[in-house]
Amino acid sequence: MAYLAGGCVRDRLFGLEPEEFDIATDATPEQIQRIFPGSRGVGESFGVVLVRRGEHVFDVATFRAEGAYEDGRRPSSVTFTDAENDARRRDFTVNGLFEDPATGAIIDFVGGRADVEARLLRAIGDPDARFAEDHLRLLRGVRFAARFGLAIEGRTRAAMLRDAARLAAIARERVGIELRKMLAHPTRVRAVDELESLGLDAPALSLPPTTRSGHRLDRLPPDAAAIPALAAWLLDRDADAPPATAARVREALVLSNDETEWLEAIFRRRRELLERPWADRSVAGRKRFLAAEGSGVAIGLLEHDRPGLAAEIDAWVGTVPPGQMFPPPLVSGDDLVRLGHRPGPRFRTLLEAVFDAQLEGRIRSRDEAIRYLSEQAGEP
């Protein structure tokens, strides 16, 4: 006996194309590996085997029941069982469904089919017990509710409110992964609103509790990435967020160096726009700003704070001919060496001066750039 299980069944019932297919079976890991030579056990103590067929890899798991959870993440023991017990150990009813691949019949031991039709997120069994087993289910529940447009059932919502503090015990990497998934999805606003209404935002971000008062997050395009969405959310919570906020969130979500630099750049560019008038910048200064990391997101966020300024910048950008916003430099340090100058700190100043002239249209060819460079550098 083998069934499609969990998320792929849920997605199909919601009319979506599953990203992956998991299989649950009464076969033991040893039997699975005999049936599929070359398959690989990745969690054999939990009954999980990876089976590759062409370009596709499937998680094939033996029906199991789980012992007590001692760390808020993993069961202390696993015993192999039948399909019903396997369904009842899962998190939410919409994720506890099976499908017979031969007939398309839905096998439902937990009332998940009715909750799919009612668009309801309900924990299987006792909600507090489910969240005590794996605290990350608190965040997963919010993500599912937002992504599939589900109302959170009353007992499940009450348990999430009671158990919000459990997030503090979750490995920060896991929290970060869940929040990235929420923030990178077009349903991010619903997810953030649920996080805040359930009191999950503060322990997730390791920041003081508050409710967002701005609407920068709402203005992001549907395909916005997680870090710009995170920046918008943080500014919605506190428009004067101090630089230390990025450092705290980096630790809370285990952001990579690149992600942290991007987040800090967005905050920095926004602050520069608010503190220095656009009209006071030279053409080269404007182009350099627009080429800097985080500037595009910062301008987008500025539509909430200073819509007139954002419109002014967009209008100016529209006047710049294609290919002239930030073209490749016409000269380099090698040209200074060929002119007889020794490499040193002055090289950067000279090259930036020439490039500014190029950005402002005062230099239009390599010959002009070489002459300008020679004039600025003087005698070697």
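No donor-acceptor distance shorter than 3.5 angstrom exists from the side chain of S374 to the backbone of I370, with no hydrogens or angles considered. Of the possible donor and acceptor atoms, none in the side chain of D163 sits under 3.5 Å from a partner among the backbone N and O of M160. The main-chain N or O of R364 is found under 3.5 Å from a side-chain atom of E368 such that the two form a donor-acceptor pair. Side chain of E153 to main chain of R155: a donor-acceptor pair is present (N/O by atom type, distance under 3.5 Å, no hydrogens or angles). Not a single donor-acceptor pair under 3.5 Å links the side chain of E117 to the backbone N or O of A114. Listed for the D115 side chain is no donor-acceptor partner under 3.5 Å among the backbone atoms of V94.
With a 6.0 Å cutoff to the six-membered ring centre and a 45° limit on the axis angle, R212 does not count as a cation-pi contact of W233.
In this structure, L207 is a member of the same hydrophobic cluster as I227, with clusters built from ILVMFWY side-chain heavy atoms closer than 4.5 Å. Taken together through direct or relayed side-chain contacts under 4.5 Å among Ile, Leu, Val, Met, Phe, Trp and Tyr, V254 and I170 form parts of separate hydrophobic clusters. In this structure, L235 is not a member of the same hydrophobic cluster as L302, with clusters built from ILVMFWY side-chain heavy atoms closer than 4.5 Å. One hydrophobic cluster holds both L205 and I266 under the rule that ILVMFWY side chains link at heavy-atom gaps under 4.5 Å.
With a 4.5 Å cut-off on side-chain heavy atoms, V249 and L230 count as touching.
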Given R237 and E196, is the salt bridge (charged side-chain N to carboxylate O under 4.0 Å, His left out) satisfied, shown in steps? CA-CA 10 Å; R237 291 168 60 87; E196 293 185 348; 3.6 Å; yes
Salt bridge (charged side-chain N to carboxylate O under 4.0 Å, His left out) for R268 and E261? Distances and angles first, verdict last. CA-CA 10 Å; R268 187 165 55 252; E261 289 172 5; over 6 Å; no
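For the pair R216 and D236, the salt-bridge criterion is met [side-chain N within less than 4.0 Å of a carboxylate O].
In this structure, F14 has its ring center closer than 6.0 angstrom to the ring center of F148. Taking the ring centroids of F326 and F355, they lie under the 6.0 Å cut-off.
Between atom OG of residue S213 and atom CG of residue D238 there is a gap of 8.5 Å, rounded to the nearest 0.5 Å.
Closest of all the heavy-atom pairs between P228 and A225 is CD-O, 3.4 Å. Here the shortest heavy-atom pairing between S295 and L290 reads OG-O, 2.8 Å.
Defined by atom type and a distance below 3.5 Å, a donor-acceptor pair is present between the side-chain atoms of R10 and N95. Side-chain contact annotation: N257 with R250, donor-acceptor N/O pair under 3.5 Å present.
Using cut-offs of 30° and 60° for the angle between ring planes, the F92 and F131 rings count as tilted.
Checking each of R130, R137, R140 against D91 for a side chain to side chain donor-acceptor pair (under 3.5 Å) leaves exactly one that passes, namely R140.
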